[in-house]
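Worksheet: the structure to be examined is printed underneath.
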Amino acid sequence: MDRSNFKSVAQKIAAPALAALAMSTAVLPTQAGEPLRWRVPVAFGTHLPALGDNINYVAEALDAATAGEVQFKVFEPGKLVAPLSITEAVKDGKMQAGYTWLGYDQGRIPSAPLLAARPFGMEPWEYTAWWYEGGGQALAEAVYAEHDVHPILCGIIGPETAGWFRNEIKSLEDIDGLKIRFAGLGGKVMQKLGASVTVLPGGEIFPALEKGAIDATEFSMPAIDQLLGFDKIIKNNYFPGWHQTYTAFHLVVNAELWAGLPSDRKALIDMACTAGVIRNLSKGEAIQGAVIAGFPEKGVTANTLPEELLRELQVITQEVLEEEAANDEHFKTIYESQEAFSADYKNWKSLAYLPRDF
């Protein structure tokens, strides 16, 4: 065997061993002073403004603040881990960390959607107040500790649109029988109303709409939905985003790895994520108006759901939340915590802010 063939064969033999070694060392603790190099798969493409690009801001901030001592290598959806399976990969030690929407964990962790997005829930800054000052962070950490994961709030954006629908939505009867892409607790509400609900990653929604596999979809804010091309197929975009009044993103870290980190590394990551939260919210709010202003050129109509319909959706949502709380103790605890915080916050909110029409 000549040297080139030998090298080729050796590489083929070594590759599986090297891959196994990489997996086995994923959760080795970092010693004080050691560089930190983490692979961070993401649930949303980093080309998507506000929805996906915030992790790049966090990674770049850490790199710059530490002169390269702390680095996140960000991997696009599906490159290392399926978008809906990031937390599981982090739990198993296959990845050190990931950047994701915890609502995708609903099947394994029933309380997770409350940490990610809740129908008729808090506004974004109210959620961050609950997380940082109202006990939300401790509750989330307790839930995810049971799954060997440490969650860090690392981004948040405002409401999604209520969705893109081929036909007008005027009553609850218009939802019955729809084939729709919907996620989180809002999806359970839609199922209760007779819709056939499926959860698809962002990259799979356009072809599903194009082929008629689904009739309608929700996904994100107008600037993101536009990039994914929904307006090329469907012209009815509904508001407000009742089902997702906030969209929170978390950096999920393998719990064993996090526990072994030096305190300075933990503080740096926490600080970068906290900065990421305000920068993410700011960007999400800044870029939507111009997109909506361009709807008429594309033949898109921005529709508002009738208040009567919203009130009915709120009633069904309450039923779903109470059912979930009855079936899962963690859900009940987090739900009651959010309700108590919102009741207290309302004393301020109802007096301090101008009405929406000012």
Check: [Y] main-chain N/O paired with [X] side-chain donor or acceptor under 3.5 Å:
X	Y	answer
Lys235	Lys298	yes
Asn54	Cys154	yes
Asp176	Glu173	no

Describe, in one word, how the ring planes of [X] and [Y] are oriented to each other, choosing from parallel (under 30°), tilted (30 to 60°) and perpendicular (over 60°).
X	Y	value
Trp38	Phe72	parallel
Trp101	Tyr104	perpendicular
Tyr144	His147	tilted
Phe295	Phe239	tilted

Legend entry - Cationic N near anionic O, under 4.0 Å, Arg118 to Glu126: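 Result for this pair is no, no salt bridge flagged.
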
Inset, instruction - Could you tell me whether Lys188 and Glu324 make a salt bridge, using a distance below 4.0 angstrom between a side-chain N and a carboxylate O? - result: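 Here Lys188 pairs with Glu324 in a salt bridge, since their nearest N and O are under 4.0 Å apart.
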
Legend entry - Value rounded to 0.5 Å, distance of CG in Leu200 from CZ in Phe206: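 It comes to 14.0 Å.
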
Legend entry - Side-chain H-bond candidate by donor/acceptor type, Glu141 with Gln137, under 3.5 Å: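 Yes, a side-chain donor-acceptor pair sits under 3.5 Å.
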
Inset, instruction - Run the numbers on Tyr57 and Asn280 for side-chain hydrogen bond (donor to acceptor under 3.5 Å, both in side chains), then give the verdict. - result: CA-CA 9 Å; Tyr57 166 81; Asn280 193 204; over 6 Å; no

Inset, instruction - May I ask you to test the Val58-Tyr99 pair for a side-chain heavy-atom distance under 4.5 Å? - result: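 Result no, sub-4.5 Å side-chain heavy-atom pair not found.
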
Inset, instruction - Please name all residues satisfying side chain to side chain contact (heavy atoms under 4.5 Å, CB included) with Glu312, sequence neighbours left out, ordered by chain then number. - result: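 For Glu312 the side chain to side chain contact (heavy atoms under 4.5 Å, CB included) partners, ignoring immediate neighbours, are Leu172, Glu308, Leu309.
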
Legend entry - Heavy atoms from other residues, nucleotides or ligands near NZ of Lys332 exceed 12 (cutoff 6.0 Å):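 Open: at most 12 neighbouring heavy atoms sit under 6.0 Å from NZ of Lys332.
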
Inset, instruction - Please assess Gln318 against Glu322 for the test side-chain hydrogen bond (donor to acceptor under 3.5 Å, both in side chains), listing each intermediate value before the final yes or no. - result: CA-CA 6 Å; Gln318 193 64 31; Glu322 290 175 2; 3.3 Å; yes

Inset, instruction - For Pro124 and Ile156, work out which heavy atoms get closest and say how close. - result: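 Shortest heavy-atom separation between Pro124 and Ile156 comes out as O-CD1, 3.6 Å.
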
